[in-house]
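Below you'll find the structure, written out as structure tokens, and then a few comments.
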Amino acid sequence: MPEYNAVQDADIAVARHLFERIARMGKYDLPGLSVIRQEAGSFSGDLILSAPRPSGGINILLGDFVGRGLPAAVGALPVAEVFYGMTEKGFGLSDIIEEINKKLLFILPRGLFCATCLIELEQEGKMLAIWNGGLPDLLVLDEKSNIKHRVSSAHVPLGISETEKIDLATVFVEVEEGDKVFCCSDGLVNALDQNNVAFGQQKIDQILMQGTT
């Protein structure tokens with residue numbers, strides 16, 4: 001047992017080091033972006049990244065790795081490196097998706113992958129490009145908390161299929177001042193309420209439309 005604990009402690013230390021490195025890579029505090037994290041003991045598989053595009057606009061990535069701890073950290077580092085590096089150079093979402101998928105296929109063992117949602121807000125702030133691969137519905141709500149757009153997952157998570165088999169098509173939705181964009185990992189959908197019943201997408205929709213978030 002002591003030997004097992006030593007290995008576990010070493011894994012936690014490596015995971016902490018990798019996540020701290022990822023945190024240092026995020027150079028930007030973007031206005032209007034709120035992140036709510038549900039701590040899950042050790043490092044969860046959730047990852048949120050954001051960065052401005054050189055020509056204007058913003059890129060955002062929400063990722064949810066299978067598993068947590070060291071496997072999630074090992075996968076999260078190359079995702080962050082690709083996202084920040086290619087965003088800074090002005091690459092579009094399709095190029096970023098392709099490169100992240102290649103990295104994950106090379107690094108992760110079979111059975112580990114990352115459900116991912118990538119969002120690009122263009123320079124004028126009037127159009128979102130969205131690619132949802134395996135995450136719950138992305139919702140756009142107006143200033144009265146009415147759901148005006150819903151983008152469900154239409155793609156497989158990254159790290160599963162060869163790049164040439166991935167559909168890189170994005171969904172475009174119009175947004176305006178006062179709109180809110182909500183996306184989450186399946187940890188929220190599967191979270192249990194006080195009655196030990198999973199939240200589910202319907203309850204999330206109801207809470208958001210009440211404007212209580």
Hey, any chance Leu105 and Leu108 share a hydrophobic cluster, counting ILVMFWY side chains that come within less than 4.5 Å of each other, even indirectly? no
What heavy-atom pair brings Ser161 and Asn101 nearest, and what distance separates the two atoms? O-ND2, 2.8 Å
Donor-acceptor contact below 3.5 Å, side chain Asn195 vs main chain Val197: no
His149 (side chain) donor-acceptor with Val181 (main chain) under 3.5 angstrom: no
Check the hydrophobic clustering (I, L, V, M, F, W, Y; side-chain heavy atoms under 4.5 Å; chains of links allowed) and say if Val156 and Leu93 are grouped together. no
Can you find a pair of side-chain heavy atoms, one from Leu104 and one from Cys114, that are under 4.5 Å apart? yes
Between CZ on residue Phe113 and CD1 on residue Ile160, distance to nearest 0.5 Å: 4.5 Å
In the structure I gave you, are the side-chain heavy atoms of Ile60 and Leu62 within less than 4.5 Å of one another anywhere? no
Are there more than 12 heavy atoms of other residues, nucleotides or ligands under 6.0 Å from atom NZ of Lys203? yes
If you round to the nearest 0.5 Å, how far is CD of Glu120 from CG of Leu128? 9.0 Å
Quick check on the hydrophobic clustering: are Phe172 and Ile119 connected, directly or via other members, by side-chain heavy-atom contacts under 4.5 Å? no
Closest heavy-atom pair and its distance - Pro157, Gly134: CG-CA, 4.2 Å
Does Leu139 reach the side chain of Met209, with side-chain heavy atoms less than 4.5 Å apart? no
Which value, rounded to the nearest 0.5 Å, describes the distance between Phe182 atom CZ and Leu138 atom CG? 9.0 Å
Linked, directly or transitively: Ile204 and Ile147 (ILVMFWY side chains, under 4.5 Å): yes
Side chain to side chain, Ile130 and Cys117, heavy atoms closer than 4.5 Å: yes
Beyond-backbone contact of Phe83 with Thr116, side-chain heavy atoms, under 4.5 angstrom: no
Which heavy atom of Val151 sits nearest a heavy atom of Val173, and at what distance? CG2-CG1, 4.3 Å
Contact summary for Val175 and Gly125, nearest pair of heavy atoms: CG2-O, 3.5 Å
Between CG of Leu158 and CG of Leu118, what distance do you get to the nearest 0.5 Å? 7.5 Å
Which atom pair, heavy atoms only, marks the closest approach of Met86 to Ile96? CB-CG1, 3.8 Å
Approximate separation, where rounding is to 0.5 Å, of Leu49 CG and Asn59 CG: 10.5 Å
Are the side chains of Leu135 and Ser153 in touch, meaning some heavy atoms are under 4.5 Å apart? no
Counting C-beta onward and ignoring hydrogens, is there a side-chain heavy-atom pair between Lys180 and Leu208 closer than 4.5 Å? no
Considering non-hydrogen atoms only, spot the tightest contact between Lys148 and Glu176 and give its length. NZ-OE2, 3.2 Å
Quick check on the hydrophobic clustering: are Ile100 and Leu112 connected, directly or via other members, by side-chain heavy-atom contacts under 4.5 Å? yes
Within the 4.5 Å heavy-atom criterion, are Glu98 and Leu168 side-chain neighbours or not? yes
Reported CG-to-CG distance for the pair Asp179 and Leu141, which is rounded to 0.5 angstrom: 8.0 Å
NZ or CZ of Lys89 within 45° of Phe91 ring axis and under 6.0 Å: no
Under a 3.5 Å distance rule, please check whether Glu122 uses its side chain to pair with a backbone N or O of Lys126 as donor and acceptor. yes
Is there a donor-acceptor pair under 3.5 Å between the side chain of Asn190 and the backbone N or O of Asp186? yes
